[in-house]
Amino acid sequence: MSIRVRFAPSPTGDLHVGGARTALFNWLMARKLGGTFILRVEDTDGARNTAEAAAGIIKGMRWLGLDWDEGPEAGGDCGPYFQSQRKDIYDAYFKRLEDAGRVYAEADGAMRFKFSRTAITVHDLVCGDVTFAPTEEPDMTIRRPDGSYIFHFVNVVDDIEMRMTHVLRGEDHLSNTWKHIDLFNAFGATPPTYAHIPLILNPDGSKMSKRDEGSAIEHSYMNAGFLPAAVFNYLCMLGWTPKAESEKLSREELTALFDADAIHSSNAKFDLKKALWFNAQYLRELSPEGLLENGRRFLSAAGLTWEDDAVAAAAVYSVREKVSLLTELPEWVHYFFREDYPFEADVVTKLKAKPENAGLLKAAAEQLAQAAEWTEQSVHDAVEAAAKALSVKPGAMMPLLRFALSGQSRGPGVTTIAHLIGKEKTLGRIQRALGEVMGV
RNA sequence: GACCCCUUCGUCUAGCGGUUAGGACACAUCCCUUUCACGGAUGCGACACGAGUUCGAUUCUCGUAGGGGUCGCCA
């Protein structure tokens, strides 16, 4: 029998890293075992759930590449996949409990489920067998006075109806799992195999919640310049260690390596630095076109425009090893896109520091102007020749050219910059630096 | 408070009775280098504590401490 797993978020806000990783592990398990991954929206609390939040969760999952086989937009035999649309099913199940004498009403009409009050053991892939003694807690409410049902009830009913074989969810649910099993037993159904995965904590050890930095997928990752593959990879490393040489693994490799039994049982703290490292790794592997495609929205947001995609792609590609986030791209490449780039304060200082700098720049410009062709090599040769004529090292001239051509003190190779912007702009920029900055 | 889960470098972790306790991120130094980076090398740095079992505990058991979670007409 092929497995069936699900991600069952409640749409009360953006997709959160904890939820994303839960979805990720479920997805990994389904794909590894050739099973079915279901997305079920648990929107039974009309007061807190919003359609926007549901859309946001779907958006986040699509961005991460977590496609589902059954659920919203995908359909399936067990729909609808929004709990708010499944009232008839819940009513029918509720009736069964009623017929079995397992429910009773409160004064205001709320309905409670009578616990069996026996010892209940949760068989968990991560935590092992966890036995809960007969409870002394009050019976749990499963239906509100208005007739709407509550989480524990709908969650179990749907897991039965949707024939879930495994339930991978956050460890915060472990303490309530006996209640779910009590319900499964009341329905005469076999509980799924559980795997309660450890929580993701803030660096200070507190539980990571929606407000915390790095927690919202859309805000902290999609819009912050992360690549989905990097986030996918990093999230896997929180609570699971694939048996592999490297931690940097592709979606396919992670799928092949996934093993729910190997999920850790201790919580993990979120480490932004490591997430950035993963992102930087993935950024460097992109082709010029790929990098431009991914960085396009960030360049545009910074007000940069261009005519030729090939040139823009080459520009971003030239700084691929210098950034760890796509949002850092504009500050590294803006001068490729405009002639009115600013000169940084320390650049102005350095340019004016020595009186001979102007002479060096002029000599370089003259030599560059004579270049017959315009390649990185020819630019390099021209600078070298100019330096030699003045008996200085090319190393004395290069930084000045960098300052003039970019207004910055750091960036890709000077020859790369000159080659990309072309001969005309190169000479123009040197003149601009000479005139505007150095006053000669 | 009760119950449940957890505890190896700052962080993520490997380890599954005998190891100089390994790796990754971060940090530091050096090399490379026209800058900034990348890359390479090196270094820094951990078994929470106490008993017990054992010839021998990071590893097994119990206790303590600490962290996290649950105990909703939220999910």
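To find a chain, count down the sequence lines: A is the first, B the second, and so on, and within it residues start at 1.
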*For A:Gly413, which contact category applies under a 4.0 Å heavy-atom criterion: base, sugar-phosphate, or nothing?*
base

*Remember a base hit wins even if backbone is also touched, and classify A:Gly411 as base, sugar-phosphate or nothing at under 4.0 Å, heavy atoms.*
base

*Give one of base, sugar-phosphate or nothing for A:Ala268, where a contact means two heavy atoms less than 4.0 Å apart.*
sugar-phosphate

*Look at the side chain of A:Lys179 and decide which nucleotide, out of B:C74, B:C71, B:C4, has an atom nearest to it.*
B:C71

_Using the rule given for side-chain hydrogen bond (donor to acceptor under 3.5 Å, both in side chains), can you reason through A:Ser10 versus A:Thr12, listing the C-alpha separation, both sets of side-chain angles and the distance that settles it, and then say yes or no?_
CA-CA 6 Å; A:Ser10 178; A:Thr12 55; 4.8 Å; no

*If you measure from the Lys or Arg side-chain nitrogens to the Asp or Glu carboxylate oxygens, is any gap between A:Asp182 and A:Lys179 under 4.0 Å?*
no

*Looking across every strand, which nucleic acid part, if any, lies under 4.0 Å from A:Pro394 by heavy atom: base, sugar-phosphate, or nothing?*
nothing

*Under 30°, 30 to 60°, or over 60°: which ring-plane class applies to A:Phe113 and A:Phe115, parallel, tilted or perpendicular?*
perpendicular

*Ring-ring centroid check A:Phe153 A:Tyr149, cutoff 6.0 Å*: yes

*Touch class at under 4.0 angstrom, heavy-atom based, for A:Glu247 against every strand present*: base

*Taking only the side-chain nitrogens and oxygens of A:Ser175, find out if one of them lies under 4.0 Å from OP1 or OP2 of B:C4.*
no

*Give the ring-plane orientation class for A:Tyr221 versus A:Phe226, where under 30° counts as parallel, over 60° as perpendicular and anything between as tilted.*
tilted

_Partner nucleotide, any strand, of B:U35 [Watson-Crick/G-U, under 3.5 Å]_ = none

*Residue list, side-chain hydrogen bond (donor to acceptor under 3.5 Å, both in side chains) with A:Ser391, at least two apart or on another chain*: none

*For the side chain of A:Lys207, starting at C-beta, report the closest nucleotide among B:G69, B:C73, B:C25.*
B:G69

*Would you mind classifying the nucleic acid contact of A:Arg143 as base, sugar-phosphate or nothing, using non-hydrogen atoms under 4.0 angstrom?*
nothing

*Please check if atom CD in A:Glu331 has more than 12 non-hydrogen atoms from other residues, nucleotides or ligands closer than 6.0 Å.*
yes

_Non-neighbouring partners of A:Arg144 that pass salt bridge (charged side-chain N to carboxylate O under 4.0 Å, His left out), sequence neighbours left out_ = none

_Listed nucleotide nearest any side-chain atom of A:Arg48, set B:C5, B:C74, B:C73_ = B:C74

*asked:* Counting the atoms with a prime plus P, OP1 and OP2 as sugar-phosphate, which does A:Ser409 contact under 4.0 Å by heavy atoms, base, sugar-phosphate, or nothing?
replied: base

*Selection: residues 320-339 of chain A, any non-hydrogen atom under 4.0 Å of RNA chain B*: A:Glu321, A:Lys322, A:Trp332

*Taking atom types as they are modelled, is there a donor-acceptor pair under 3.5 Å from the base of B:A24 to the side chain of A:Lys274?*
yes

*If you look at every strand shown and take non-hydrogen atoms under 4.0 Å, does A:Asn49 touch a base, only sugar-phosphate, or nothing?*
nothing

*Could you list by number each residue of residues 81-97 of chain A showing a heavy-atom separation from RNA chain B of less than 4.0 Å, or answer none if no residue does?*
none

*Applying side-chain hydrogen bond (donor to acceptor under 3.5 Å, both in side chains), name anything that partners A:His123, two or more places apart in sequence or on another chain.*
A:Asp129

*Touch check for A:Lys350, heavy atoms < 4.0 angstrom, all strands: base, sugar-phosphate only, or nothing?*
nothing

*asked:* For the C1' atoms, the ones on B:U20 and on B:C62, what distance do you get once it is rounded to whole angstrom?
replied: 32 Å

*Could you tell me whether A:His196 contacts a base, only the sugar-phosphate backbone, or nothing, with contacts defined as non-hydrogen atoms closer than 4.0 Å?*
nothing

*Is A:Glu70 paired with A:Arg40 through a side-chain N to carboxylate O contact shorter than 4.0 Å?*
no

*Select base, sugar-phosphate, or nothing to describe what A:Pro412 touches, counting heavy atoms under 4.0 Å on all strands.*
base

_Any base atoms under 4.0 Å from A:Val130, or only sugar-phosphate, or nothing? Heavy atoms, all strands._
sugar-phosphate

*For A:Phe132, answer base if it contacts any base atom (sugar-phosphate contacts may also be present), sugar-phosphate if it contacts only those atoms, and nothing otherwise; contact means non-hydrogen atoms under 4.0 Å.*
sugar-phosphate

*Sequence neighbours excluded, every pair satisfying ring pair (Phe, Tyr, Trp, His ring centres under 6.0 Å) that has a member inside residues 253-276 of chain A*: A:Phe25-A:Phe258, A:Tyr234-A:Phe270, A:Trp240-A:Phe258

*asked:* Under 3.5 Å for both donor-acceptor distances, Watson-Crick or wobble: does B:C62 have a partner, and if so which one?
replied: B:G50

*Looking at every strand, decide which applies to A:Asn176 at a 4.0 Å heavy-atom threshold: base, sugar-phosphate, or nothing.*
base

